[in-house]
2 protein chains.
Amino acid sequence: MVGAMEATLVLDALGEPNRRQLLELLHGQPEATVSELVEASGMRQPQVSKHLKVLGGASLVAVRADGRHRHYRLDERGLRAAHEWFASFEDVWLARFDALDELVSNDPNPEENSP
Amino acid sequence: MVGAMEATLVLDALGEPNRRQLLELLHGQPEATVSELVEASGMRQPQVSKHLKVLGGASLVAVRADGRHRHYRLDERGLRAAHEWFASFEDVWLARFDALDELVSNDPNPEENSP
DNA sequence: CATACATATTCCTCGTGAGGAATGCAATCC
DNA sequence: GGATTGCATTCCTCACGAGGAATATGTATG
């Protein structure tokens, strides 16, 4: 269900260092207001709001309104979508380990990985 | 050793749809020449070469020279770096499952997150 | 109600990076 | 050795997106 479409949104959104910084800041605490993110990131308020909008569009962050404050937090959905996109390439490095095993050991019978 | 620096390179490199397309094409076969990637991707040869250069700089692809052909293949290193970057956020969705557990059970005391 | 605060949005500018055409360079083939 | 193939690189242009300043929107506060 979590397909390439969402991974596209997420990877496009994360192709920007400041947005990754925002995600990492949000990783350190349960949630944070825009002002707190402005303070912590060194960016200016409009930039933070704009980046948060992009991250929200990729389901990487979610908002909770509280009076005039807006509390942002990480959204599992986007993160998992990207994680699974990369996981779909896992066979690449698993296959490489198999090849390494064959080279290192002189066991002519390398086991299959069973994920 | 696979740290934030490499994840930055990888995520920057993947913030571009055509580069992701090249990775996915390379995922389907062990390796491919530039000409084959040009054919399969619909992009023109210089664009493919340039994108492959960026992917190589992020350790996402590796090359094997063979006469006047260059065989590109996926490089596990960049893929793993990115996969691990996202894995560092795994606690986000794991914690969300925990919170769900608390809600489902009849604990009437929804605590604040205590970091 | 006026004012201050928190955030979102708009408008503008500018740099970066993607795409296209042409060229460079090395290796093969005749 | 000249021609051709396979790929990399250069130069140029152009669009997109990031950043800045100003403004809009909404909410508390006096």
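Protein chains get the first letters and strands the later ones, always in sequence-line order, with residue 1 at the start of each. These numbers come from the heavy atoms of this one structure, side chains and all, not from hydrogens, waters or symmetry mates.
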Spacing of [X] atom [atom1] relative to [N] atom [atom2], expressed in whole Å:
X: B:Arg68; N: C:dA27; atom1: CZ; atom2: C1'; value: 6 Å
X: B:Asp66; N: D:dT5; atom1: CG; atom2: C1'; value: 14 Å
X: A:Leu55; N: C:dA8; atom1: CG; atom2: C1'; value: 15 Å
X: A:Asn18; N: D:dG19; atom1: CG; atom2: C1'; value: 10 Å
X: B:His71; N: D:dG6; atom1: NE2; atom2: P; value: 11 Å
X: B:Arg64; N: D:dG6; atom1: CZ; atom2: P; value: 16 Å
X: A:Leu22; N: D:dA18; atom1: CG; atom2: P; value: 12 Å
X: A:Met43; N: C:dA8; atom1: CE; atom2: P; value: 13 Å

[N] phosphate, OP1 or OP2: any side-chain N/O from [X] under 4.0 angstrom?
X: A:Tyr72; N: C:dA8; result: yes
X: B:Arg70; N: D:dG6; result: no
X: A:Arg19; N: D:dA18; result: yes
X: B:Arg44; N: C:dA18; result: no
X: B:His69; N: C:dT28; result: no

Legend entry - With B:Tyr72, the side chain to side chain contact (heavy atoms under 4.5 Å, CB included) member among B:Val34, B:Leu22, B:Leu25: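 Exactly one candidate clears the test, B:Val34.
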The side chain of [X] is closest to which nucleotide in this list: [options]?
X: A:Lys50; options: D:dA18, D:dA21, D:dG6; result: D:dA21
X: A:Pro46; options: D:dA21, C:dA18, D:dA8; result: D:dA21
X: A:Gln47; options: D:dA18, D:dA21, D:dG19; result: D:dG19

Inset, instruction - Please work out if B:Lys53 contacts a base, only the sugar-phosphate, or nothing of the nucleic acid, heavy-atom cut-off 4.0 Å. - result: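 Since only primed, P, OP1 and OP2 atoms lie under 4.0 Å of B:Lys53, the category is sugar-phosphate.
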Inset, instruction - Report, as yes or no, whether the 6.0 Å neighbourhood of atom CD on B:Gln29 holds more than 12 heavy atoms from other residues, nucleotides or ligands. - result: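 Correct, the count exceeds 12.
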Inset, instruction - Return yes if the base of D:dA8 and the side-chain atoms of B:Gln45 contain a donor-acceptor N/O pair under 3.5 Å, otherwise no. - result: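 In this structure, the two groups form a donor-acceptor pair.
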Inset, instruction - Considering only NZ, NE, NH1 and NH2 on the basic side and carboxylate oxygens on the acidic side, decide whether B:Glu6 and B:Arg77 come within less than 4.0 Å. - result: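 Looking at B:Arg77 together with B:Glu6, the answer is no, because their closest N to O distance does not fall below 4.0 Å.
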Inset, instruction - Tell me yes or no: between the side chains of A:Ser88 and A:Glu84, is some donor less than 3.5 Å from an acceptor? - result: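 Judged by distance alone, the side chains do not pair up.
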Legend entry - Value rounded to 0.5 Å, distance of CD in B:Gln21 from CE in B:Met43: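 Rounded to the nearest 0.5 Å, the CD-CE separation comes out at 7.0 Å.
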